[in-house]
Amino acid sequence: MGLLCLGGSPPNVKYLEGMGAYLAQIGPDLQTVFVDGAFGVVQAHLAGAGDKSPSTQPCRIGRYAVFGDVRLDRRLELIRALGERSQFEVCDDAQLLLQAWIKWGQDALNRISGDFSAVIWDSETRAVFCIRDQIGIKPFFYVQTGNLFLFSNALEGIARHPGISRSLDENYLADFLAFGYPADQTVTVYKQIKRLAPAHSLEFLDGRLKLRKYWSLATEGDLGLKSEEYPLQFAELLEDSVRDRLPRKSAGVLMSGGLDSTAVASMARSVGGCHYELDLYTLDAREIWSEDREAAFASEAAEYLGARHKVTEIDQGDMFQNWQLNSWAQPEPVRYSFWHTFLKLLRQMAVTSRVGFTGQGGDGLLTSSPNHFSRLMASRQWGEFASDFWQYYRLHSKPPPLGIRSSLKGRYERHPERPVLAPWFKSGFLKRTGLIERFHDLAAGKVGAGVVSRSEAYYDLSSPVWPAIIGRLDAQMTGVPYEFRHPFLDLRLVEFVLSMPAVPWFENKALLRHAMVGKLPESVRLRKKVLPRLSPAYTSLQKLGPLHADTYLAELAPLEDILELPVLAQFLRNPDKLKADEADMTTLPIAVAEWLAGVELSDVRE
């Protein structure tokens, strides 16, 4: 967390030290304070991640200094581009970032990739440069108020400043209560504090903010590979992605029995070797969903890989009955069905390592294009249609789905599972925020058909969903000193897969299944993805009695000009009578109520 005093007065060191003490829960290894005139930064370090080089922040070279959470991919490639290899091999990732900035300026952002949110201070020009990684793995927040510019990778680091209002942002609330995440990636739960969007940089100089988007998701490419070469190349890239993220001594994997997370675990074992300390962790939902077999498949994968395996059972009451047990107040509402069970599991993971892996991003990256053939027919691209038809048939030994039926069904029928806007929003609030139009656009899943060959995957990966999903795993949200890494969201992998032809490799994740031959037990590699017929929220609500309805409603009282609380009360007091879509939408105001109960709000509604 840092600040720049525009009037030239030095920052309050005692305040910075106090923020360091607060952030020590998620950065317990070392707290440092840096002051240069009117500029000051406090950092809480998580130094026990076991990466190749110890953190040497704050790092200062000449007029520049760098601060932040930085993990870079393709280190050797960057070192070669910088010049003398021996000079830079001992640098940690933050130092490499600063060296790249000194050599190339803002063009350095075109040469780096990884997980990072960082600040570069120029003591000569008194400029502050803020950057966030391309996918949005690491968070970054900022605000300009009066004579202060504040920045942090922890929202509470700014919200706790005495000059900042905790008045809530209506657009954020509208989106979270409707979708579970903000559609606008620049807003936060607080009206005054902004979020730096993924792939953006910010320059603050002479009291003025300048935002710049430095990267966009590639839309097309020509890889020049034969069809059978794609799985081999994909496997190499996935292994490189894991290698760049794997700590020296130990790591955990948050692993279901599905293909994505088990593939990551397999690559971690391959890269780390048979003696590497690899621990696998699984949430078992059989009490909620009797058909759940994730833990069983995960156990098979763990035994195959020779890794320790810990299974944590989800109790149906964990969703709604343990909501006041967490000692760390989340800086923003969290949509996660079994948040408190996950936190319990995460604390177990933090005992044996400081870094964990997930399979997040795999579903979006490897999603199929069900309307590919119908689009080719509509545009009369018969040559490409015939070629793709044959490629599909040769790999899958069956003709492809042409997408005609689903296209007509989507156009003329109302799908029973299509999201419905909750009935407890006040009409004035809907008009002020434009939520109805935004809801229909997002619920329809507008993918820009025809823009790119894999438009579904492109839309999924460029949507605000992934930064929201990844963001809830960040230490500033969990309060646990633990870092998650997500190999499927490596830029090399993303750009490679988006440049592939739409068929035949994305039906039923054929690309990943072929890439993992001999690397996973066949029962796991070939299993079909099975989703519960009913959501966990619906199943839990059907079995539980009345919720903490009065408690939730009391916490939501500050939002009475946003929500029709009497309408919401009918849902909360009769949970066993809710339909599936009603149960899902009810979890969102509950999440907001839980957040309001834990955060220190002095002026929620100004």
Side-chain angles (χ1 to χ4, degrees), residues 219-221 223 225-231 234 258-260 263 291 359 361-419 441-463 465 488 494 496-517 522-535 580:
T219 56
E220 296 286 359
L223 298 173
L225 297 176
K226 297 178 181 179
S227 183
E228 61 271 15
E229 295 174 330
Y230 285 115
F234 176 82
L259 192 57
D260 300 342
E291 300 173 6
D363 284 339
L365 188 62
L366 301 173
T367 188
S368 63
S369 301
N371 297 320
H372 174 71
F373 287 98
S374 64
R375 287 199 292 260
L376 291 179
M377 288 189 290
S379 58
R380 299 181 181 276
Q381 299 179 60
W382 301 115
E384 186 175 349
F385 177 92
S387 175
D388 287 354
F389 190 102
W390 167 243
Q391 291 285 351
Y392 186 100
Y393 186 87
R394 189 175 67 165
L395 181 66
H396 298 284
S397 301
K398 63 179 181 180
L402 299 182
I404 299 174
R405 182 182 301 176
S406 61
S407 178
L408 292 173
K409 195 171 185 179
R411 180 175 298 181
Y412 296 112
E413 294 183 16
R414 181 187 179 278
H415 195 280
E417 295 181 359
R418 186 165 293 165
D441 286 346
L442 290 176
K446 293 185 176 181
V447 299
V451 176
V452 292
S453 61
R454 297 200 58 229
S455 53
E456 290 83 0
Y458 178 85
Y459 171 80
D460 189 289
L461 290 169
S462 58
S463 78
V465 173
F488 279 106
V494 168
F496 173 82
V497 172
L498 287 183
S499 296
M500 288 179 59
V503 293
W505 287 108
F506 299 105
E507 180 70 21
N508 195 28
K509 290 189 178 177
L511 179 68
L512 183 55
R513 295 184 192 279
H514 281 254
M516 297 309 296
V517 171
E522 290 294 277
S523 59
V524 174
R525 188 182 72 86
L526 298 176
R527 67 169 295 207
K528 294 182 179 180
K529 189 177 183 69
V530 180
L531 297 174
R533 290 170 293 178
L534 298 171
S535 73

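One finds the OG atom of S455 at 4.0 Å from the CZ atom of R375 (value rounded to the nearest 0.5 Å). To the nearest 0.5 Å, atoms CH2 (W382) and OG (S387) are separated by 14.5 Å. Taken to the nearest 0.5 Å, the CG atom of L259 stands 14.5 Å off from the NZ atom of K528.
Although no hydrogens or angles enter the test, the distance criterion places a donor-acceptor pair under 3.5 Å between the side chain of R513 and the main chain of N508. S463 places a side-chain N or O within donor-acceptor distance of the main-chain N or O of V465, the cut-off being under 3.5 Å.
Checked against salt bridge (charged side-chain N to carboxylate O under 4.0 Å, His left out), E522 has the following partners two or more places apart in sequence or in another chain: R525. Annotation: side chain to side chain contact (heavy atoms under 4.5 Å, CB included) contacts of K226 (sequence neighbours excluded): E228, E229. For S379, the side chain to side chain donor-acceptor pair (under 3.5 Å) partners at least two apart in sequence or on another chain are Q381. Remark: R527 pairs with E294 by the salt bridge (charged side-chain N to carboxylate O under 4.0 Å, His left out) rule, at least two apart or across chains. With sequence neighbours excluded, no residue forms a salt bridge (charged side-chain N to carboxylate O under 4.0 Å, His left out) with D460. Scanning for side chain to side chain contact (heavy atoms under 4.5 Å, CB included) contacts around D363 gives D260, K509, K529, with sequence neighbours left out. Under the rule for a side chain to side chain contact (heavy atoms under 4.5 Å, CB included), the partners of S227 that lie at least two apart in sequence or sit in another chain are Q391, R394, P504, W505. F234 meets the ring-ring contact (aromatic ring centres under 6.0 Å, His included) test with no other residue; sequence neighbours excluded. Listed by chain and number, the residues in a side chain to side chain contact (heavy atoms under 4.5 Å, CB included) with S462 are L217, Y458 (sequence neighbours excluded).
Shortest non-hydrogen contact noted between G359 and F488 is O-CD1, 3.7 Å. Closest approach of L498 to R454, counting heavy atoms only: CD2-NH1, 3.9 Å.
Side-chain contact check for F506 versus S369: every heavy-atom pair is 4.5 Å or farther apart. Taking 4.5 Å as the limit, some side-chain heavy atom of E456 sits within range of a side-chain heavy atom of P370. Side-chain contact check for F496 versus L365: every heavy-atom pair is 4.5 Å or farther apart. The closest side-chain heavy-atom distance from L511 to M500 is below 4.5 Å. Using a 4.5 Å heavy-atom cutoff, the side chains of V524 and M516 are not in contact. Side-chain atoms of F389 and P399, non-hydrogen and from C-beta on, do get closer than 4.5 Å to each other. Within the 4.5 Å cutoff, the side chain of L223 has heavy atoms near those of the Y230 side chain. Counting heavy atoms from C-beta on, the side chains of L402 and S374 never come closer than 4.5 Å.
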Working for side-chain contact (heavy atoms from CB on, under 4.5 Å), residues L395 and V503 | CA-CA 10 Å; L395 181 66; V503 293; over 6 Å; no
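Relative ring orientation between W390 and Y393 is described as parallel, the plane-to-plane angle staying below 30° on a 0-90° scale split at 30° and 60°.
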